[in-house]
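Worksheet for the structure shown next.
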2 protein chains.
Amino acid sequence: MAAKPVKSTKTNKKHGVTRDSILDAGLHLFSERGFDGVSVKDVEAAVGLTPGRGSFYRHFKSREELLETIVHREVERVRNMRDMQQRAVGGSLGDRRAELIMQFRLSLTGLNEIKALINLLAREYGRFPELMKQLRELLVDESQELAADDYAEDIRKKIIRGTDSAALSAVVQSALVGYHLANSYFKTAPGGIDSERFINTLVDLILEK
Amino acid sequence: MAAKPVKSTKTNKKHGVTRDSILDAGLHLFSERGFDGVSVKDVEAAVGLTPGRGSFYRHFKSREELLETIVHREVERVRNMRDMQQRAVGGSLGDRRAELIMQFRLSLTGLNEIKALINLLAREYGRFPELMKQLRELLVDESQELAADDYAEDIRKKIIRGTDSAALSAVVQSALVGYHLANSYFKTAPGGIDSERFINTLVDLILEK
DNA sequence: GTCTATAAGTAGATAGAC
DNA sequence: GTCTATCTACTTATAGAC
């Protein structure tokens, strides 16, 4: 299994550019200017290679392979982060209100964390369906189901309002995502409402009493 | 005032391609493939000109001018539509619940109407700030203030819940926009919740009792 | 692992004939 | 109003020297 010669333990970078530095630069460039707005030349320049000399191709076989690698790495990174946080917050206090507020805060900071990834894929809408699917699973499918289960229990206990826990989960998630995107795309909080005020209003809305 | 010679009443198209047909084609092409994904050649082909011959430039001085004209036309179109609907629904029934449901339905169909425009500008994030500003005014600033006024009155009358009408307006608008975008970008209703179920849950949430 | 050089293609835009 | 022809610039990607 460990048959490869001992060149270096992990990132054998000698003195040149690391694969990771290309991934980092690519994520931010693609996110800011779109896939077509970033030439291989731009990426080379960003990591300190002489622009236009094609040294990029020693690291990735094409511009498209770079994009795929970036998305995959980012999705995994965020999935791990979310799972860790979830374990940390889960049923920590008896106070459901405080717990919801904390959860919504984490949702917003989580969305902020993958801002660049969302941006990147939103730009390339319809062009890389396979990559889009990865984002959907992470952002919608997985997140929403988990919350819906909690809401169902709270509804039984008459802690939160309503009867349709799945729909409630969709409303809450949509509100948080919508708020985040309005902030992100228009660089202004909708109606000038800051995130704490937004979260408080949302929590008041779903809590019974 | 009416000094121009009587060439033709409105769209003097002789027999060639109309300016409007280029705008229509441009909107849909840009929306589907992004600004950089659509060459002048593509636009020419779409309206029946020989691709690659540059006849496009008799109608618009550049590809960028085409984009600006498209956005301006679309924003005006939707603003007019919204204002007409608003007059039609305003205080029509004594039933506030039915009225809210109707309003949210109109919001969602309105968002659907400008799907192509939203798509187009979301792709070019950060590149055409002036055009983005037009969309924000239409979609966030104008819409949200109007709703907030209604909510403030309803809160006084104890018809709807909460104390912060501006924040409530932001939550509602964010939920609707978030729901629309999830549908639009992932081509699947979040959590499999259809729009009527979503709207009902949202209305139940904000109504007192 | 980076450089030089270069191939082959496509883009936006213009001038002028019809 | 459309077509022919063309200029210039830039793109992805490869081959081979160091």
Side-chain angles (χ1 to χ4, degrees), chain A residues 4-26 29-30 32-70 120 123-124 127-128, chain B residues 4-27 29-30 32-70 120 123-124 127-128 131:
Chain A
K4 278 187 183 167
V6 190
K7 287 171 80 172
S8 171
T9 345
K10 267 189 154 179
T11 48
N12 44 340
K13 64 171 178 178
K14 274 262 166 72
H15 72 294
V17 160
T18 52
R19 194 179 155 89
D20 268 352
S21 76
I22 299 186
L23 289 171
D24 291 338
L29 286 173
F30 285 149
E32 275 169 32
R33 316 210 301 247
F35 188 64
D36 291 328
V38 180
S39 64
V40 169
K41 196 168 149 182
D42 295 332
V43 176
E44 287 170 336
V47 296
L49 293 168
T50 308
R53 291 293 173 260
S55 294
F56 166 89
Y57 292 99
R58 298 281 164 171
H59 301 270
F60 295 91
K61 85 175 217 295
S62 68
R63 208 163 110 264
E64 193 154 333
E65 192 194 76
L66 171 61
L67 176 69
E68 286 162 12
T69 311
I70 286 172
L120 195 166
R123 280 180 184 281
E124 307 309 328
R127 191 163 166 191
F128 304 102
Chain B
K4 278 188 183 168
V6 190
K7 286 171 81 173
S8 171
T9 345
K10 267 188 151 180
T11 48
N12 44 341
K13 64 170 179 178
K14 273 263 165 70
H15 73 293
V17 160
T18 52
R19 195 179 153 87
D20 269 352
S21 76
I22 298 185
L23 289 170
D24 291 339
L27 172 59
L29 287 173
F30 284 149
E32 274 169 34
R33 316 210 301 246
F35 188 63
D36 291 328
V38 180
S39 64
V40 169
K41 198 167 147 181
D42 295 332
V43 176
E44 287 170 335
V47 295
L49 293 169
T50 307
R53 292 294 174 259
S55 295
F56 166 89
Y57 292 99
R58 299 280 163 171
H59 301 270
F60 295 91
K61 86 174 216 295
S62 70
R63 209 162 110 266
E64 195 154 330
E65 192 193 76
L66 171 61
L67 177 70
E68 287 162 10
T69 310
I70 286 171
L120 195 166
R123 280 180 185 280
E124 306 309 328
R127 190 164 168 191
F128 305 101
L131 302 181

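Order of the sequence lines fixes the chain letters, A, B, ..., with proteins taken first and strands second; residue numbering starts at 1 for each chain.
Between B:Phe56 and B:Val47 there is no side-chain heavy-atom pair separated by less than 4.5 Å.
The phosphate of C:dG12 has neither OP1 nor OP2 within less than 4.0 Å of any side-chain N or O from B:Lys41. Contact annotation: A:Thr50 side-chain N/O to C:dC3 OP1/OP2 distance is under 4.0 Å. For the OP1/OP2 pair of C:dC3 and a distance below 4.0 Å, the side-chain nitrogens and oxygens of A:Arg53 include no atom meeting the criterion. Remark: A:Ser55 is not in phosphate contact with C:dG1, judged by side-chain N or O atoms under 4.0 Å from OP1 or OP2.
What separates NE2 of B:His59 from P of C:dA13 is a distance of 15 Å, to the nearest Å. Rounded to whole Å, atom P of C:dG1 lies 17 Å from atom OH of A:Tyr57. Between A:Phe56 atom CZ and D:dT12 atom P the separation is 9 Å, expressed in whole Å. Between the NZ atom of B:Lys61 and the P atom of C:dT14 there is a distance of 9 Å, given to the nearest Å. Atom-to-atom, CD of B:Glu44 to P of C:dG12 comes out at 9 Å; the value is rounded to the nearest Å. Counting to the nearest Å, the P atom of C:dT10 and the CZ atom of A:Arg63 are 15 Å from each other. Atom CG in A:Leu67 sits about 13 Å away from atom P in D:dT12, given to the nearest Å. Atom CG in B:Asp36 sits roughly 11 Å away from atom P in C:dA11 (whole-Å rounding).
For B:Asp24 and B:Ser21, the side-chain atoms include no donor-acceptor pair closer than 3.5 Å.
Interatomic distance, CZ of A:Arg19 versus CG of A:Leu66, reported as 9.0 Å (0.5 Å rounding).
In this structure, of C:dA13, C:dT2, D:dT2, it is D:dT2 that holds the atom nearest to the side chain of B:Val17. Closest to the side chain of B:Leu49, from the set D:dT12, C:dC3, D:dT2, is D:dT2. Closest contact between the side chain of B:Ser39 and the listed nucleotides C:dT14, C:dA11, C:dT2 involves C:dA11.
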Where do A:Arg63 and A:Asp36 land on the salt bridge (Lys or Arg N to Asp or Glu O under 4.0 Å) test, with the steps shown first? CA-CA 10 Å; A:Arg63 208 163 110 264; A:Asp36 291 328; 3.4 Å; yes

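Judged by distance alone, with hydrogens and angles left aside, B:Arg58 brings a side-chain donor or acceptor within reach of the base of C:dG16, the pair sitting under 3.5 Å.
Taking the six-membered ring where tryptophan is involved, the planes of B:Phe30 and B:Phe35 are tilted, since the angle between them lies from 30° to 60°.
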